[in-house]
**Student:** 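Structure provided below as structure tokens; questions to follow.
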Amino acid sequence: MKKTHYFFTIALALFQLQATAQQRVFKDTLDGSSETVVVTANRSERKMGNVAVPVILIGKKTITQTGSLRIQDILQEQTGIVIVNSALGTSLNGYPNPFGQGVQMLGLDPAYTAILLDGEPLVGRNAGILKLGRLATGNIKQVEIVKGPSSSLYGSEAMAGVINILIDMPAKENIGFQLHHATNNTWGGTLSYANRIHKTGIQFFVNRLSTDGYDLDPNIYGKTVDPYRDWNGQLKITQELSNKLQLLVSLRNYDAKQDNNYQIYYQNLPAIASGYTTETDKSAFAQIKWFLSSNSKLYFRGFYDRYTNQSFVNLDKTGLRFDETSFDQSVFKPEIQFEKNRPGKSQYVAGFGSNIEMIDASRYAGKQNLATVYGFTQKEWYLLSQQLTLIAGARVDKRTDFDLHLSPRLAMAFKPNAHWKFTASAGWGFKAPDFRHMYLNFYNAQIGYSLLGTATLGQELGKLQQQGLLQAGADISPYTNATGLKPETSFGMHVGAKYTSGRLVAEWGLFRNNISNLIDVYALPFKRSNGLPIYSYHNVGNVFTQGAEMDLSYQLTKHVRLSGGYQFLLAKDKQVLENIDKGLLYKRDPLTLQSSLVNRQDYFGLANRSKHSFNAKVLYETATGFDAYFRAVYRGQFGFMDQNGNNIIDNASEMTEGYWMLNLAASKSIGHFLRVQIGAENLLDYTNPVQLSNIPGRTYFINLNLNINQPTKHKLP
Amino acid sequence: MKNSLSLLTIAAFALVFTACQKNDAPPVAVPAYSSTQTLTVNFSSTKPFAFFGFKDSALVVNSDSTTAKWDFGLRLTTFLVNSNASGPGKAGVIMQDGIFASLNTAPTSGYAYDTTSTKLAIKDGSWYDYNPQSHAFIPKAGKVFFFRTADGAHYAKMQLLAVDYAPFTGPAPSQLLYKFQYAYQPSGSNNF
């Protein structure tokens, strides 16, 4: 009896923990006051102050204070996070940008960061990029960003790190309503409801967002971003089944529709094509949390996510279907996780599960399935009167098409006194070849080249040869039984120090990542009969990324907080460096067109990476319900594409200049329930239509928030 | 004073050295003919190749495609060398990495020929990078082509300076402009 009571207290405490975490004032990403609870770093709840790997935390309050409805806008204000375009997704001659923007972390491309929603991985990446616009910001409780290889807990894709977006949990009774209006005829409406009745909790959220899009280059027919409308719905239910058992069910539905409208050439004449793209993303999650004893618990989880994308354009004049694509990907992921806590001594977490993935897309060779089974284990010891934390963990992944893959991680944190924390971590990451590397079967009808995945290569070449679409005499025999791709692997290290004293929080970090077996596109030695190349993928590259980061936060007065961060980054290809040293790499002078040798100073590094990135923020807050939040984000110059004949970035003509984004938002409470917010984003009106078509120029917005939330005395009206 | 003296010595020595070479090697007294040209090259496999002859430093008309008047031909990114499968000539080619101005001696052997129509001397893709974003064919920097000409008796060296799309209206370009620099040694020497 006594024991049961104890369980109940724990369960309640956990609920309260979640509830308080939700309401906690997250002053800044840096703050992460040692009491804040994070779940991503160790796959179980930990106080921020005890975490041994670098974590950025963005709380609800920060998200609200920026006023932004786009999660990428919020992410890019964090040190070391850069929102980049897909290398292939740059806007060209007004063609739509199909791949969108993703997160570059530690200098690695968006494909190498796992994007989790409440701890579960979303599917539907296009060319490695998961469209972040699928997620609304209005119901985000907290965003946790773990930098550095995290495959020891999360498996493939968590090579650069993990972004875990945590959605509101059922809380005390609350009705929320938001109206959003912004430039480009952008309208948003949100309705949310939360309540806890006895042992049942409910959280409901629905959001609609629509915009007319924008046009950065009026000389090109069609808009840069076409009009779209998104629906986003989320329902979460918690139920205490018994003192020992808690049930969580979470359902999500995203539904988007965007116009397609651009100029093409049909039978050598310009013609207008229009249609639309519909996207859906439905996920369902169920979890049973079972308290085995006061210190141990077991989770049973099932997660299902399905993403579809259907797109077409018709010729306006004749109604003829000009182009059509479809994409349908789903994952089912059952998992069991065990946690044991020996207070003050150690914590243990372990689990196993599987990923069953399916894809069926017009650009892929038929319907494909992949299954992975995995298991992970991690132990955390607290030593030297809890001044020292040691963590050791590993995960094994076995996917049907490649050998068992092991990803270990070691980490430590040392807190000699109340002011200092020193951390060090090292981990192995990996990224399995994805569906596109294996099954893509794409023929670019406009240009005439082919891109084929490795698993379909032999068969497709055979077909092309039979149909006479291959250059005469091409020898396809080396490709008919080609070996598959190996996973890309990485080893990453991070050392950091954090100093907290009164009004000041300062944090420093150094990182290095070595990535091997990078998968890259190559051209086959023969061509299609039209003379244009055939591409496929192979494991080829070895690159490294390394750098330093610094964050500072200072409470200037009771009302004013200053913060800022800087990242220095070098990302280079080892083979290129070797070729430079051997005198094998040449460059062509853009004016004289003569060639000369490249030296190490010329080599800027991998495209799309900025050496310097920087952010500064000023937050002004009063006790009377007024706040103003100003952010300045600088992304330094970065390589765009080769122009001088050596396939590397080594000349000013190949760079995009650095740019600033200045954003400002201010809000004021009116009465008990209403809050009005106005703001402007991209105050300097920076645009770059060709290379950064995702930046819309200066925009203004207004938000009206109505929050009816009186837990104490009032009854709801 | 001392410096200019030593410069003089070096100059004198150089003169003697070249003079010696002249006696036992093919003559170099004739300077190589150097020029920069732009060739308009068809895209489509149904259109003819553009042929170029170093000797006359000119485009060779298509009706002469079966003569030894041309040394190399181009269509889209396919290089022909006037030999075996491609023509009646004895032309051959060697690609070398280096700086055009400093590579002044053509090899006397080791030339590659168009053995068959699918085994050409210059492999497609060996001399450029195709950029799928801009669709540009960017010639690799530091690539020098040594040619033995179609008469089998002369040498030329060549480097590509730029490959651009010819101005076009319509859905797709139909011609490329190849800008290249070359030196042709009319004396028959392999030195430029």
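All figures in this text were calculated on a predicted structure; none of them were measured in a lab. In what follows, every heavy atom counts, from backbone to side chain, and hydrogens, waters and symmetry copies are set aside. First the proteins, then the strands, lettered A, B, ... as listed; each starts at 1.
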**Student:** Applying ring-ring contact (aromatic ring centres under 6.0 Å, His included), which residue pairs with at least one partner in residues 73-93 of chain B are found, sequence neighbours left out?
**Tutor:** B:Phe72-B:Phe79, B:Phe79-B:Trp127, B:Phe79-B:Phe145

**Student:** I need the A:Thr592 OG1 to B:Gln181 CD distance, nearest 0.5 Å.
**Tutor:** 9.0 Å

**Student:** Got a sec: does the CD of A:Gln467 have more than 12 other heavy atoms crowding it under 6.0 Å?
**Tutor:** yes

**Student:** What part of B:Ser102 lies closer than 4.5 angstrom to a heavy atom of chain A: side chain, backbone, both or neither?
**Tutor:** neither

**Student:** Within a reach of under 6.0 Å around NZ of B:Lys69, are more than 12 heavy atoms found that belong to other residues, nucleotides or ligands?
**Tutor:** no

**Student:** Is it the backbone or the side chain of A:Asp642 that comes under 4.5 Å from a heavy atom of chain B, or both, or neither?
**Tutor:** both

**Student:** Write out, in numerical order, the residues from residues 90-100 of chain B with a heavy atom short of 4.5 Å from a heavy atom in chain A.
**Tutor:** B:Asp97, B:Gly98, B:Ile99, B:Phe100

**Student:** Which atoms of B:Lys119 come close to chain A, meaning under 4.5 Å heavy atom to heavy atom: side chain ones, backbone ones, both, or neither?
**Tutor:** neither

**Student:** Sequence neighbours left out, what passes side chain to side chain donor-acceptor pair (under 3.5 Å) with A:Lys527? Give chain and number order.
**Tutor:** B:Asp124, B:Tyr128

**Student:** Atom CE in A:Met641, atom CD1 in B:Ile138: separation rounded to 0.5 Å?
**Tutor:** 8.0 Å

**Student:** Are side-chain heavy atoms of A:Arg588 and B:Pro139 found at a separation under 4.5 Å?
**Tutor:** yes

**Student:** Would you mind checking which part of B:Leu76 comes under 4.5 Å of any heavy atom in chain A, side chain (CB onward), backbone (N, CA, C, O), both or neither?
**Tutor:** side chain

**Student:** Identify, with sequence neighbours excluded, every residue that meets salt bridge (charged side-chain N to carboxylate O under 4.0 Å, His left out) alongside A:Glu654.
**Tutor:** none

**Student:** For residues A:Ser595 and B:Gly142, report the shortest heavy-atom separation together with the two atoms involved.
**Tutor:** OG-N, 2.9 Å

**Student:** Are any non-hydrogen side-chain atoms of B:Lys140 and A:Asn647 less than 4.5 angstrom apart?
**Tutor:** no

